[in-house]
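Shown next, in structure tokens, is the structure this report addresses.
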Amino acid sequence: MTSPLFRTKKVEQSIRDTEEPEHALKKSLSALDLTVFGVGVIIGTGIFVLTGTVAKNNAGPATALAFVVAGVVCALAALCYAEFASTVPVAGSAYTFSYASLGELPAWIIGWDLVLEFALGTAVVAVGWSGYIQSLMDNAGWEMPAALGSREGSDIFGFDILAAALVLVLTGILVLGMKLSARVTSIVVAIKVTVVLVVIIAGAFFITADNYDPFIPDSKPVPAGDSLNSPLIQLMFGWAPANFGVMGIFTAASVVFFAFIGFDIVATAAEETKNPQRDMPRGILGSLFICTVLYVLVSIVVTGMQNYRDLSVDAPLADAFKATGHPWYAGFISFGAAVGLTTVCMILLLGQTRVFFAMSRDGLLPRFFSRVHPRFRTPHRPTILLGVAIAVLAGFTPLNELAALVNIGTLFAFVIVAISVIILRRTRPDLHRSFRTPWVPVLPIVSVAASLWLMLNLPAETWVRFGIWMAIGIVVYFLYSRTHSRMARTPEETPAPPGR
């Protein structure tokens with residue numbers, strides 16, 4: 001396409017941009033660091049909450065199969081991400097990939113979308129973390145003043161100081177360097193995985209075989225107006241789900257899919273990886289595989305400990321241990337959930353700042369934000385800007401208004417990346433690909449179809465919000481980004497990287 005709206009940025013130019021001293025990020029991450037990042041962001045409230053919701057309402061003990069189905073859908077997208085992240089090891093993830101294949105306007109759209117998604121996700125997780133901490137404080141006899149705590153269900157106007165403080169502290173850690181972030185993440189992920197393993201190992205001793213009978217409950221008609229018990233799931237899906245049977249498993253898969261969201265953020269760290277050609281595929285696919293196995297084992301144990309009809313929707317893991325007469329585990333699980341949300345929040349913030357940084361380096365956002373810190377080699381300016389903005393958002397906005405973790409953006413990114421793999425295979429067959437997505441174009445097409453199917457199950461409200469944000473982005477692009485883009489300059493006007 002010859003239109004300026006679809007001008008592509010060559011892979012070689014993207015890589016050269018990463019070598020400019022003022023805009024170069026420090027390469028410090030290994031395959032282990034990337035895997036830890038992936039596990040850190042994937043394992044969050046999903047494994048602690050969604051298991052009970054879908055078991056009780058949709059799949060029964062077959063919830064384990066729902067996690068397998070959702071994991072397969074994510075794996076299709078992960079294979080496409082692995083090829084791109086290893087071939088184009090540049091910050092920005094889906095934004096950078098689409099710039100190299102689809103063109104500038106599609107790249108801007110997906111980048112604009114990811115900035116919103118990661119911002120909302122970080123704020124939601126921060127507010128959820130605040131709720132867990134306040135619950136633990138209440139158990140210890142410490143009560144947070146209403147004006148400084150979570151305002152869910154309260155008429156008191158206040159500021160959630162814990163949520164805001166978490167975001168600001170994590171912002172500081174990200175400014176100080178990726179290696180420090182990786183070390184903090186490793187410690188927290190170790191605690192979180194330990195909690196999950198305790199649930200699996202300890203819970204296995206309390207399994208009653210009768211709770212698995214039947215493993216796939218008989219399908220039941222859905223009463224008019226029936227929906228899932230969880231308000232968050234109602235908000236995200238907005239349709240009366242299939243109750244049990246084989247179709248119940250697929251309905252459950254549509255729900256638990258959102259417990260996997262986050263593995264794609266690993267791709268945003270490609271530019272800060274020592275050996276991205278080798279380590280990016282390992283980090284993306286390794287973290288997804290580990291989390292899928294843990295999810296399946298947890299769902300098998302929990303539905304074996306307590307009959308699926310009696311599972312709690314709000315805290316199924318903790319309440320299952322209470323039901324077996326072991327309340328101590330409940331507090332331990334709540335502690336693990338609170339600690340685990342810390343890494344989810346930090347890595348979401350990490351992903352957002354890297355996308356923002358990449359867009360700024362390309363001139364689509366002010367170039368002021370593309371300079372890295374002279375000592376820490378991190379994009380400190382966008383990190384501080386976004387960290388403060390999200391802290392304010394998390395502090396003032398109640399959870400029920402943030403609850404639209406607008407997952408349509410992540411699915412949209414999956415579609416774009418899968419299509420981009422097909423296009424770049426045709427337009428640049430000469431590129432060296434250390435990892436190749438198998439069965440192209442069949443596998444990417446299947447990935448697109450699976451993602452679109454899940455997008456169509458999202459409620460109309462989500463599509464409206466998505467459309468409004470995209471419309472704002474189009475206006476910004478034509479008023480600013482189109483003319484300030486580095487691709488808009490003639491070759492004579494484009495400054496060469498230093499030393500070349």
(Q) Restricting to salt bridge (Lys or Arg N to Asp or Glu O under 4.0 Å), what partner residues turn up for Asp279, sequence neighbours left out? (A) none
(Q) Holding to ring-ring contact (aromatic ring centres under 6.0 Å, His included), I want the full list of residues that pass it with Phe435, two or more places apart in sequence or in another chain. (A) none
Q. Under the side chain to side chain donor-acceptor pair (under 3.5 Å) test, which residues partner Asn307, sequence neighbours left out?
A. Arg309
**Q.** Contacts of type side-chain contact (heavy atoms from CB on, under 4.5 Å), residue Ser101, not counting sequence neighbours
**A.** Phe84, Ser420, Ile423, Leu424
**Q.** Exceeds 12 heavy-atom contacts within 6.0 angstrom, atom CZ of Phe332
**A.** yes
Q. Got a sec, which residues hit side-chain contact (heavy atoms from CB on, under 4.5 Å) with Ala70, two or more places apart in sequence or on another chain?
A. Val256, Phe257, Phe260
Q: Using ring-ring contact (aromatic ring centres under 6.0 Å, His included) as the criterion, list what pairs up with Trp129, not counting sequence neighbours.
A: none
Q: Name all residues meeting the side-chain contact (heavy atoms from CB on, under 4.5 Å) criterion together with Leu168; count only those two or more places apart in sequence or in a different chain, and write none if there are none.
A: Val388, Ala391
Q) With sequence neighbours left out, what residues match Ala107 under side-chain contact (heavy atoms from CB on, under 4.5 Å)? A) Tyr95, Ser98, Tyr99
Q.
Using the side chain to side chain donor-acceptor pair (under 3.5 Å) criterion, which residues pair with Thr343? Sequence neighbours excluded.
A. Lys192
Q: Would you list the pairs meeting ring pair (Phe, Tyr, Trp, His ring centres under 6.0 Å) in which at least one residue belongs to residues 193-216, sequence neighbours left out?
A: Phe206-His326
Q. Does the side chain of Ile422 come within less than 4.5 Å of Ile445's, by heavy atoms?
A. yes
Q: Could you pull out all residues at least two apart from Phe357 that satisfy ring-ring contact (aromatic ring centres under 6.0 Å, His included)?
A: none
Q | With sequence neighbours excluded, residues passing salt bridge (Lys or Arg N to Asp or Glu O under 4.0 Å) with Glu83 | A | Arg425, Arg433
Q. Is Thr342 close to Thr185 at the side-chain level, that is, under 4.5 Å between some pair of heavy atoms?
A. no
